[in-house]
2 protein chains.
Amino acid sequence: MSPSSHHRRSGRSEHCPRWRRRAEARPDDILDAAEACFLEEGYAGATVERIARGAGISKGAVYLYFESKEAMLVALIRRSVAKLAEAAAARLDAQGQDEDPVTALREAGGLFRAVLADPHMFAAPRIVLAEAGRFPQLAEIYRREVIDVAMPAAVRLIRRGQEQGVFRAVDPQVAARSLIGGVLVQALWRSVFARDDEPAPDPEAFIETHLDIVLNGLCERKAA
Amino acid sequence: MSPSSHHRRSGRSEHCPRWRRRAEARPDDILDAAEACFLEEGYAGATVERIARGAGISKGAVYLYFESKEAMLVALIRRSVAKLAEAAAARLDAQGQDEDPVTALREAGGLFRAVLADPHMFAAPRIVLAEAGRFPQLAEIYRREVIDVAMPAAVRLIRRGQEQGVFRAVDPQVAARSLIGGVLVQALWRSVFARDDEPAPDPEAFIETHLDIVLNGLCERKAA
DNA sequence: CCTTACTAACTGACCGGTCAGTTAGTAACA
DNA sequence: TGTTACTAACTGACCGGTCAGTTAGTAAGG
């Protein structure tokens, strides 16, 4: 996984170093390993020793970079939130400010699809869901940095659609959750109940149909 | 709580027994306490000692009723699934076989609302979500007993609506998930991100609006 | 009734094992 | 050689599970 080019002392001596000094790269390596462990075994079930081995170092080294196991968890969520914000910003930049609410919401669906398709990005929300009970600060971070940004944006779009007479007059909060819900249930499904013997529905097609249903449900009837 | 006639040695002595024999009631007491602990601290984080104290007995007594901590978890999920099936059957009996798909789906929404409103019933799904990674058999139970029953029923209803020309021709699997998703996101929201300082949206009104949006989105347009 | 003899529900101390976190020492690099 | 990154052995605390002993309840015999 790590791209570390296994360096061998030039020429003769087969001296293979037992480890390399990589102070800058370590934190990310550790968080990658921690993410995998927390996902598979939960926070309490994961051990620092296994996380360290996953990152290719010893347990003691982990504590050179993180105060505690809990600090790893918080840093992991922070990193994921930052990445998500970055990806969202890039996408919004790329498409510019779309003035049509329907198109804009479809575009937002594309972002969700990206999150959905990338298990790496969906890992953090899943961990937050699982551990929010014992670590309320995780939920707090996610809420402040992601939800309190994304939800109002969606609500604004829906409200604009309503003002333009495109959408019916339903509670925009509920509408936003109806939109998100389909994606969430799909993602949870895939990560919890998915079975090998049944055809995994194409996420792309799923999002397409889901948006079609909900946006259609939001639209005014052309005729009574 | 217990109806056991507290027998007092005749006359004077205020002898209050340190514990009472309640063999029949114990398993449910223990599972109640386990549910609360697993919800709050996760399976790995919960301790048998705390579960026992929550049930009002000592740790040793727990092992008179359950083989192991894991057996408690499995029994807990089984009990919840049985209760859910019971509630669903009762509701379906009460309303009879409604032939109109739209009405039937709205009725199904009522069942979801019941699950949503009762934190006791939502506890088990939440635990399954959190622990499915380490205990696939939990997901298996839930899938076999709940999802593989509920999803086909919803899909059948939607398909019937399509045959009657009421619903548009979208993938019924996706439509079913769109319906469920809104409820799920609401429930997760309340249990993870809910904050005291904001008005909790009325679950009744939420379900109403969500069903309105999705069912409307499923319906054929009256006019192109 | 009251004692006595018994059953089984329950307790709490204990054990083997595990894990988060620490530290003394070593290998890598400048 | 000195500094820094890292390892491996260690510690103390905790936890799941066990078990020898205790106590609530019961029923037979007087």
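Throughout, protein chains are lettered first and strands after them, A, B, ... in sequence-line order, and every chain is numbered starting at 1. This one's a predicted model, so the numbers in the text were calculated from it and none came from an experiment.
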Would you call B:V74 and B:I141 a side-chain contact if the rule is heavy atoms closer than 4.5 Å? yes
In whole angstroms, how far is the C1' atom of C:dA9 from the CZ atom of B:F66? 15 Å
Between protein and nucleotides 20-22 of chain D, what N or O pairs are separated by less than 3.5 Å?
none

Heavy-atom distance under 4.5 Å between the side chains of B:R159 and B:V155, does that happen here? yes
Test item: A:H210 side-chain N/O and A:L179 main-chain N/O as donor-acceptor pair under 3.5 Å: yes
Please assess B:F206 against A:R177 for the test side chain to side chain contact (heavy atoms under 4.5 Å, CB included), listing each intermediate value before the final yes or no. CA-CA 10 Å; B:F206 170 83; A:R177 287 179 195 188; 4.1 Å; yes
Of residues 38-65 of chain B, the positions that come close to DNA chain C - non-hydrogen atoms, cut-off under 4.0 Å: B:R53, B:I57, B:S58, B:G60, B:A61, B:L64, B:Y65
Matching residue for B:I127 among B:Y43, B:Y142, B:F38 - test: side chain to side chain contact (heavy atoms under 4.5 Å, CB included): B:F38
Please step through side chain to side chain contact (heavy atoms under 4.5 Å, CB included) for the pair B:L105 and B:V214, ending with a clear verdict. CA-CA 11 Å; B:L105 283 174; B:V214 177; over 6 Å; no
Can you tell whether the side chains of B:E41 and B:R50 come within less than 4.0 Å, N to carboxylate O? yes
Any strand: nucleotide that pairs with C:dT22 via Watson-Crick or wobble, under 3.5 Å: D:dA9
Nearest-0.5 Å distance that lies between atom CZ in A:R78 and atom CD in A:E145: 7.5 Å
